[in-house]
Amino acid sequence: MASEICTDRVRLRRWRSDDREPFAALNGDPEVMEHFPSTLTPQESDALIDRIEAFFATHPYGLWAVERRDTHSFIGFAGLSLQTFEAHFTPAIEVGWRLAREQWGHGFATEAGNAAIAYAFQSLRLAEIVSMTATTNVRSQRVMERLGMTRDPADDFDHPGVPAGHPLRHHVLYRLSRPTWSWSKGLAG
Ligand SMILES: CC(C)(COP(=O)(O)OP(=O)(O)OC[C@H]1O[C@@H](n2cnc3c(N)ncnc32)[C@H](O)[C@@H]1OP(=O)(O)O)[C@@H](O)C(=O)NCCC(=O)NCCS
């Protein structure tokens, strides 16, 4: 199991207690949470860390804390999560990311997402990875496209966790298969 993955500029690692304060700050930022139904309170943010760490205890993957290697500062999360809600493509393993606003625009989400995908295909030997977001979240969709993921509009769906009629209910689904990824990276199998 990967407790840590390093790229040129970021480290994906297990969570520490001093991540709680900066994580609560980014979860309370309306700009970061624009495409989610609401911001999180510090208590909800802490509970999310607890759920993520509990998941790591029983799975060889999860949503890692992301740290910049130059400043050693915590900047958000990226990694893999198991989606089991009722939909035509579930159960599925999703690659996802959430970074503090001041860390956008440097390519950190793409770099971390790429490392998580490499781990999913090379170490976990998954056949496919998905990623999903509200139709309005164009920035996140650009990350998915930079990672080589593709969208078939026939896969679009209404997220059952968002109330009917809510503007964030409609979601796009992006997919990436291991053969496609391996081919694009020039790897065998
Ligand atoms: C989604 C999110 C992670 C994207 O962050 P991001 O910084 O835009 O994404 P990337 O890491 O791919 O960075 C790409 C940007 O960095 C720039 N960049 C600068 N240096 C770069 C480098 N060395 N390599 C790659 N890109 C670089 C790119 O040009 C691009 O800039 P642009 O936004 O002006 O087009 C961020 O907006 C976020 O945390 N949003 C809130 C949470 C969220 O919605 N999560 C997804 C829910 S499904």
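All ligand and atom numbering here is 1-based and tracks the order in the structure. The figures that follow rest on heavy atoms only: side chains count, while hydrogens, waters and symmetry mates do not. Sequential numbering from 1 along the given sequence is applied to the chain's residues.
- For the 3.5 Å distance criterion, the side chains of Thr7 and Glu111 qualify, holding a donor opposite an acceptor.
- When hydrogens are left out, the protein atom nearest atom 32 (P) of ligand 1 is Arg142 NH2, 4.2 Å; that is the closest non-hydrogen contact.
- When the heavy-atom distances from atom 14 (C) of ligand 1 to Arg101, His106, Glu94, Arg146 are ranked, the shortest goes to Arg146.
- Between Asp155 and Arg175 there is a salt bridge, since at least one side-chain N of the basic residue sits less than 4.0 Å from a carboxylate O of the acidic one.
- Leu168 and Trp97 fall into different hydrophobic clusters, where Ile, Leu, Val, Met, Phe, Trp and Tyr residues are linked whenever their side-chain heavy atoms come under 4.5 Å apart, directly or through other members.
- Of the candidates Leu147, Asn137, Thr110, Thr110 brings a heavy atom nearest to atom 12 (O) of ligand 1.
- Environment of CD in Glu44: crowded, with over 12 heavy atoms of neighbouring residues, nucleotides or ligands closer than 6.0 Å.
- With rounding to the nearest 0.5 Å, the separation of OH in Tyr174 from OG in Ser140 is 9.5 Å.
- By the 6.0 Å and 45° rule, Arg13 does not stack over the aromatic ring of Phe74.
- Where the criterion is an N or O separation shorter than 3.5 Å, residue side chain and backbone included, Leu99 meets it with respect to ligand 1.
- For Ala109, a nitrogen or oxygen atom sits less than 3.5 Å from a nitrogen or oxygen atom of ligand 1, counting backbone and side chain alike.
- A heavy-atom separation below 4.0 Å is found between Met132 and ligand 1.
- For atom 15 (C) of ligand 1, the nearest non-hydrogen atom from the set Gly105, Ala78, Gly96 comes from Gly105.
- With respect to atom 2 (C) of ligand 1, the closest heavy atom belonging to the protein is Trp97 CD1, 4.3 Å.
- Below 3.5 Å of separation, one finds an N or O of Phe108 facing an N or O of ligand 1.
- Not close to ligand 1: Glu111, with no non-hydrogen atom less than 4.0 angstrom away.
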The test is side-chain contact (heavy atoms from CB on, under 4.5 Å); show your working for Val66 and Phe108 and say whether it passes.
CA-CA 9 Å; Val66 179; Phe108 294 137; 5.8 Å; no

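- Geometrically, ligand 1 and Gly107 share a nitrogen or oxygen pair separated by less than 3.5 Å.
- Among all protein heavy atoms, the one lying closest to atom 40 (N) of ligand 1 is Trp104 CZ2, 3.2 Å.
- For atom 4 (C) of ligand 1, the closest heavy atom belonging to the protein is Val143 CG2, 3.7 Å.
- Aromatic rings from Phe157 and His170 are positioned such that their centres are separated by 6.0 Å or more.
- A donor atom on one side chain and an acceptor atom on the other are not found under 3.5 Å apart for Gln141 and Arg151.
- Among protein heavy atoms, the minimum distance from atom 8 (O) of ligand 1 is reached at Arg139 NH1, 2.6 Å.
- Summary of contacts: the protein heavy atom closest to atom 41 (C) of ligand 1 is Val32 O, 3.1 Å.
- Under the 4.0 Å distance rule, the nearest protein heavy atom to atom 36 (C) of ligand 1 falls inside the cut-off.
- Using a 30° and 60° split on the angle between ring planes, Trp181 and Phe121 fall in the tilted class, from 30° to 60°.
- A donor-acceptor contact closer than 3.5 angstrom links the side chains of Ser81 and Gln83.
- Comment: Arg178 does not engage Glu128 in a salt bridge, judged by the lack of any side-chain N to carboxylate O separation of less than 4.0 angstrom.
- Within a 4.0 Å radius of atom 10 (P) of ligand 1, the protein contributes one or more non-hydrogen atoms.
- At a heavy-atom distance under 4.0 Å, no atom of His171 approaches ligand 1.
- Defined by atom type and a distance below 3.5 Å, a donor-acceptor pair is missing between the side-chain atoms of Arg146 and Asn114.
- Heavy atoms of Arg98 come nearer than 4.0 angstrom to ligand 1 in at least one pair.
- Of the protein's heavy atoms, at least one falls inside 4.0 Å of atom 44 (O) of ligand 1.
- Atom 47 (C) of ligand 1 has its closest protein heavy atom at Phe36 CZ, 3.6 Å.
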